[in-house]
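Quick caveat, the model's predicted, so the values are computed rather than measured. In what follows, every chain begins at residue 1, and chains take the letters A, B, ... in the order their sequences are listed.
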Amino acid sequence: MKATANHISKVKHYAAQRSIRVTEKTLESVGRLKTAMTDIANFFLFVSATFKAMFSRDFEFREFMRQCYVIGNRTLPLISVTGIIMGLVLTIQSRPVLIKFGAVSMLPSMVAISLIREMGPMVTSLICAGKIGSGIGAELGSMKVTEQIDAMEVSSTHPMRFLVVTRVLACIFMIPLLILYADALGIFGSWVGVNIKGDVNIVLFFSQAFSSVEFIDFIPAFIKSFFFGAVIGFVGSYKGYNAGKGTESVGRAANSSVVIASLILIIVDMVAVQITDMIPS
Amino acid sequence: MTSQGTISKKQDTKTANEEVVTIRDLKISFGEQQVLNDFNMELHNGENLAILGKSGSGKSVLIKCMVRLLKADAGMIHILGKDVNALKSRELDELRQKIGFLFQSGALYDSMTVRQNIEFPLRRVKKGIKDKDINDKVMEVLENVGLTEAIDKMPSELSGGMRKRISLARTIAVDPSIMLYDEPTTGLDPVTSKEISLLINDIQEKYKTSSIIITHDMECVRYTANRIIMLKDGAVFMNGPLEQFEQSDDPVIKSFFDSARQTIK
Ligand SMILES: Nc1ncnc2c1ncn2[C@@H]1O[C@H](COP(=O)(O)OP(=O)(O)OP(=O)(O)O)[C@@H](O)[C@H]1O
Ligand SMILES: [Mg+2]
């Protein structure tokens, strides 16, 4: 990279002036840091370009609907299974502890709160990052490599509008819904877990579960799930849209979409938890 | 042809010999590599210009600069009287609609059928066009390339030559007045190559386009070109009609023509 080489020579010059010893290794990591910073800057430029394209008059509604369908269709079975198992495992694991403290009657609401606040959003969105994020990265990446995106660009059909805006919005719209669905199935799974040991009426179980769930449990989690959707959509699109040349960059785009989206999801979650914690209940 | 098509054609009508493309002192580099260096050319109205040059000499880069898929480092590109590098995005859109770009790889949209591929730019570029007109136009361009039966196929079900032709159909559907062909016949058998070359001539006659044809295929040059530019080391090496190239004693041109002749045989 020319830019990095240029930068390295600057650092060398600076170090020489102040007689600081700089090894090649340091220089290399400085170069890498610079590439990473450029990447982050480009990502934010991409996000702002997407917002600009979002508010143009011609919204690709059909493509948006198609993307929503694709997201649901791809992830529903996986999320159904993990949702149920999540509730089931949580119940079976925490039951002995709660019995020890004599608080087994708290089981339904404890499970519901931990599912709604944390486990549902996090597990669902990590699954979606793997399934949807990589799908978007690979699809847009291969369109980039085979010049399909360029072809849209030169026929002035606005690929950002058609490809990126629709996918990002579909993620923002669908992932909160999938999270709600996973929460509900998780509580159902918890009921199944309780039923292994005893006999509990499902209606009673659900009403117990929701009896101590408050707005403060639900609203922040719901808001953060929109951000999770945005992260998955934006990272997948960015990585695909900026794939390099050659087929191997398609794989790289898909792969790094998942890795980076998962990482950002966890960071966003941490920030969200901190913010929620500051709200007086 | 639809009435809309005819109107937009009339507006673009220029007198013969007028320059529709003018390029002066174009420079572009990638890192250390200087790809185009003080490149100059012009394209006249109604002309078929062939651009020759070794692989990697910057032919694709040149036409990508013309539609601003790549931004030149320096130099001037005027197309249909507009300075390409100075255009705002709205004006760039308008100009790009008048330029048909045939990609080296075809660049058909994988997830769409042939019909949807052709409709895609039509619906978005010609706002408010009626469904019936769209359908007529799709049939018209498919007839022009002789592939009406492929209308409901997916790109993955087409052969290489068919893909090129569908891609061509998609490009001419929006009535461009300038066509940029990036290696339209490369990788095809001699018969299909000839068909595509003749198709290029048909399109020029029927839609009154001016074209730039990038190619290695001397047969294609013979069929289509009025004039040839040879690109070497980032600049024009020779510029003239086919006869001038064939009679040239220059070793570079001789070797290019001889090896091309051999590959054909
Ligand atoms: N986006 C890019 N980034 C970096 N280098 C590039 C880029 N595009 C082209 N190049 C370089 O520019 C040079 C010219 O490429 P170009 O694609 O124009 O060749 P070409 O003349 O079309 O060759 P061919 O006949 O094989 O298609 C090549 O050496 C290529 O490596
Ligand atoms: Mg090329």
Side-chain angles (χ1 to χ4, degrees), chain A residues 1-9 35 48-49 52-53 55-63 65-67 69-70 73-74 135-136 138-163 165-167 240-247 250, chain B residues 29-33 60 63-70 84 87 89-112 116-128 155-156 163 166-168 170-176 178-180 182:
Chain A
M1 280 247 142
K2 190 182 166 194
T4 318
N6 197 348
H7 188 73
I8 286 175
S9 76
T35 326
S48 80
K52 227 188 234 166
F55 294 110
S56 75
R57 273 172 305 142
D58 311 275
F59 180 60
E60 301 275 356
F61 188 73
R62 280 175 90 168
E63 179 67 7
M65 291 305 283
R66 198 176 76 86
Q67 288 305 324
Y69 172 76
V70 166
N73 192 31
R74 271 200 198 149
I136 294 176
E139 191 186 8
L140 296 194
S142 69
M143 289 188 77
K144 175 77 183 186
V145 168
T146 55
E147 298 181 308
Q148 292 174 51
I149 292 183
D150 285 344
M152 287 187 183
E153 189 82 45
V154 293
S155 56
S156 46
T157 45
H158 304 278
M160 283 298 270
R161 223 179 267 171
F162 182 76
L163 298 173
V165 170
T166 52
R167 280 166 178 75
Y241 209 85
N242 291 295
K245 289 172 174 277
T247 29
V250 177
Chain B
S29 58
F30 298 101
E32 306 282 279
Q33 184 194 8
S60 300
I63 57 170
K64 282 181 182 167
C65 284
M66 292 168 70
V67 289
R68 218 162 90 184
L69 272 179
L70 291 169
V84 173
L87 292 180
S89 64
R90 169 80 55 82
E91 300 164 316
L92 183 64
D93 275 353
E94 279 168 18
L95 180 64
R96 278 173 171 174
Q97 287 166 16
K98 294 180 190 147
I99 303 176
F101 195 118
L102 184 74
F103 280 84
Q104 196 164 348
S105 57
L108 291 179
Y109 307 133
D110 291 330
S111 57
M112 305 179 200
Q116 288 165 335
N117 258 284
I118 300 172
E119 281 180 358
F120 186 83
L122 260 181
R123 278 191 197 283
R124 285 164 183 79
V125 167
K126 303 210 176 252
K127 295 273 163 57
S156 56
R163 287 170 142 258
I166 298 297
S167 183
L168 195 51
R170 182 179 72 186
T171 313
I172 57 177
V174 286
D175 305 315
I178 298 176
M179 284 292 297
L180 307 175
D182 197 348

Quick one, A:E153 with B:R96, criterion salt bridge (charged side-chain N to carboxylate O under 4.0 Å, His left out). Give me CA distance, side-chain angles, the key distance, then yes/no.
CA-CA 9 Å; A:E153 189 82 45; B:R96 278 173 171 174; 3.4 Å; yes

Counting C-beta onward and ignoring hydrogens, is there a side-chain heavy-atom pair between B:R124 and A:E60 closer than 4.5 Å?
yes

Any residue meeting side-chain hydrogen bond (donor to acceptor under 3.5 Å, both in side chains) with A:R66, in chain and number order, not counting sequence neighbours
A:E63

Please lay out, stage by stage, how A:V154 and B:L69 fare under the test side chain to side chain contact (heavy atoms under 4.5 Å, CB included).
CA-CA 7 Å; A:V154 293; B:L69 272 179; 3.5 Å; yes

Just so I know, are the side chains of B:D110 and A:E139 near enough to count as touching, which here means a heavy-atom distance under 4.5 Å?
no

Does any backbone or side-chain atom of B:Y109 lie under 4.5 Å from a heavy atom of chain A? Answer side chain, backbone, both or neither.
both

Spatial distance of atom CZ (B:F103) from atom CD (A:Q148) [nearest 0.5 Å]
10.5 Å

Pairwise distance CD1(B:I99) to OG(A:S155) - rounded to 0.5 angstrom
12.0 Å

What residues form a side-chain hydrogen bond (donor to acceptor under 3.5 Å, both in side chains) with B:K64, not counting sequence neighbours?
A:E147

What part of B:R170 gets closer than 4.5 Å to chain A, counting heavy atoms only: side chain, backbone, both or neither?
side chain

Which atoms of B:M112 approach chain A - backbone, side chain, both or neither, heavy atom under 4.5 Å
side chain

Take a 6.0 Å sphere around OH of A:Y69 and say whether it holds more than 12 heavy atoms from other residues, nucleotides or ligands.
no

Heavy atoms of B:S105 and A:T146 approach each other most closely as OG-O, 3.6 Å

Measure distances from B:L108 to the heavy atoms of chain A and classify the residue's part below 4.5 Å as side chain, backbone, both or neither.
backbone

Say you draw a straight line from OG of A:S156 to CG of B:L92; how long is it, rounded to the nearest 0.5 Å?
8.0 Å

